Amino acid sequence: MTSVLESATPVTVRAPAKVNLELFVGPRREDGYHGLSTVYQAVGIHDEVTAAPAGEWGCSVSGRDADSVPTDESNLALVAARTLAERTGGQEPVHLSVHKDIPVAGGMAGGSADAAAALLACDAVWGTGLGKDDLAEVAAQIGSDVPFALRGGTAVGSGRGELVAPVLAKGVYHWVFVPSAGEGLSTPAVYRAFDSRNEGVDVPDPQPSAALMSALRSGEASELAPVLDNDLQPDAIALQPAIGEVIEAAMGFGALAAFVSGSGPTVAVLAATAEGAIDLAISLTASGVAADVMRATGPVHGAHVLPAARL
Ligand code: C5P
């Protein structure tokens, strides 16, 4: 006999990638994480997770870079589902189908997007009725960027990145993202490189910059460009020097700014207009600098349930 849950409709959730407009890294804390002051922007590159009641827990992955995503218990979507089930007192198993568009290990929080999407999808399938704050708290247990992937928009992140508050950002920004042609970068490895580079240095507690806030209130990409900043950029470039060449080429092709997204290796390129983004995308690929580029605008919404597909 099919249980009520097994006959429940699967739920699909989309969650966005992010770029850090500013990423200031503080000293390493006792728990191993670094205190951060960051400004996230959600951008229109999405992963989708479908949660379907099933006889046993499991997940499958399709889409971009699918081969490099684990489908065992270490999969972040599955970790998220398990954590939510535990938190809400045990739930029926689900199978999660993850469809990826966000580059894996790219510095765009793809794994975090999958976790956020799984949380929202399972919340809907199970009817757990957790509020936004409770979901954000579960999200924070899974990864530093997961609460932001739930919320989206443009937001300041503090703590280790998991404490998120919205900021006033006007305008639409036109981005071109250049994923690495080679391997992704491991986030812990980039933070370790940051620590080695700053050994013996008195790293200050990070603070958001007033200049970035003011640029975001203007809504002008030309005001945003000069104040974009990422403390991890030198470390990502040291680990993968090709990143530096992509940045230089993008600037040469007329980008307003080009910088490392999060812990890299994806390079975020800011254009003045939608047409400018198309031109940059063409120049970067036609010149052979980039094998592949992705265009997106930001900000976009955080994780959201998609309407059920019509059968
Ligand atoms: O929180 P998340 O699991 O995404 O972090 C992955 C790794 O990145 C951590 O284990 C840590 O090595 C590093 N990290 C950090 N400080 C942060 C966020 C991440 O050192 N604020």
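Remember, it's a predicted structure, so these values are computed and weren't measured experimentally. Start at 1 and go down the list; that is how both ligands and their atoms are numbered. The first residue in the sequence is number 1, and the count goes up from there.
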*Asks:* Should Gly32 be listed as contacting ligand 1, given a heavy-atom distance under 4.0 Å as the test?
*Replies:* yes
*Asks:* Is there a side chain to side chain contact (heavy atoms under 4.5 Å, CB included) between Tyr40 and Asp145? Walk through the geometry before answering.
*Replies:* CA-CA 9 Å; Tyr40 296 106; Asp145 294 333; 3.0 Å; yes
*Asks:* Should Arg192 and Asp235 count as an ion pair when the cut-off is N to O under 4.0 Å?
*Replies:* no
*Asks:* Can you tell me if Asp145 contacts ligand 1 (heavy atom of the residue under 4.0 Å from the ligand)?
*Replies:* no
*Asks:* Output the list of atoms in ligand 1 that are nearer than 4.0 Å to some heavy atom of Arg160, sorted by atom number.
*Replies:* 1 (O), 17 (C), 18 (C), 21 (N)
*Asks:* Assess whether a salt bridge exists between Glu137 and Arg87, defined as any Lys/Arg side-chain N lying under 4.0 Å from an Asp/Glu carboxylate O.
*Replies:* yes
*Asks:* Counting non-hydrogen protein atoms only, what is the nearest one to atom 8 (O) of ligand 1? Give residue, atom name and distance.
*Replies:* Thr187 CG2, 3.3 Å
*Asks:* Can you tell me if Gln41 and Trp175 form a side-chain donor-acceptor pair at under 3.5 Å?
*Replies:* yes
*Asks:* Could you check which of Pro188, Gly157, Gly143 puts a non-hydrogen atom nearest to atom 7 (C) of ligand 1?
*Replies:* Pro188
*Asks:* Looking at atom 5 (O) of ligand 1, what's its closest protein heavy atom, distance included?
*Replies:* Tyr33 CE2, 3.9 Å
*Asks:* If you look at every heavy atom in Pro103 and Asp65, which pair is closest and at what distance?
*Replies:* CA-OD2, 3.5 Å
*Asks:* Of the side chain and backbone of Tyr191, name the one, both, or neither that has a heavy atom under 4.0 Å from an atom of ligand 1.
*Replies:* side chain
*Asks:* What protein heavy atom is closest to atom 18 (C) of ligand 1, reported as residue, atom name and distance in Å?
*Replies:* Ser144 OG, 3.6 Å
*Asks:* Do other residues, nucleotides or ligands put more than 12 heavy atoms under 6.0 Å from Asp133 CG?
*Replies:* no
*Asks:* So which of Arg29, His34, Gln141 gets nearest to atom 21 (N) of ligand 1, if we judge by its closest heavy atom?
*Replies:* His34
*Asks:* If only atom types and distance count, is the side chain of Ser186 paired as donor or acceptor with the main-chain N or O of Ala189 below 3.5 Å?
*Replies:* yes
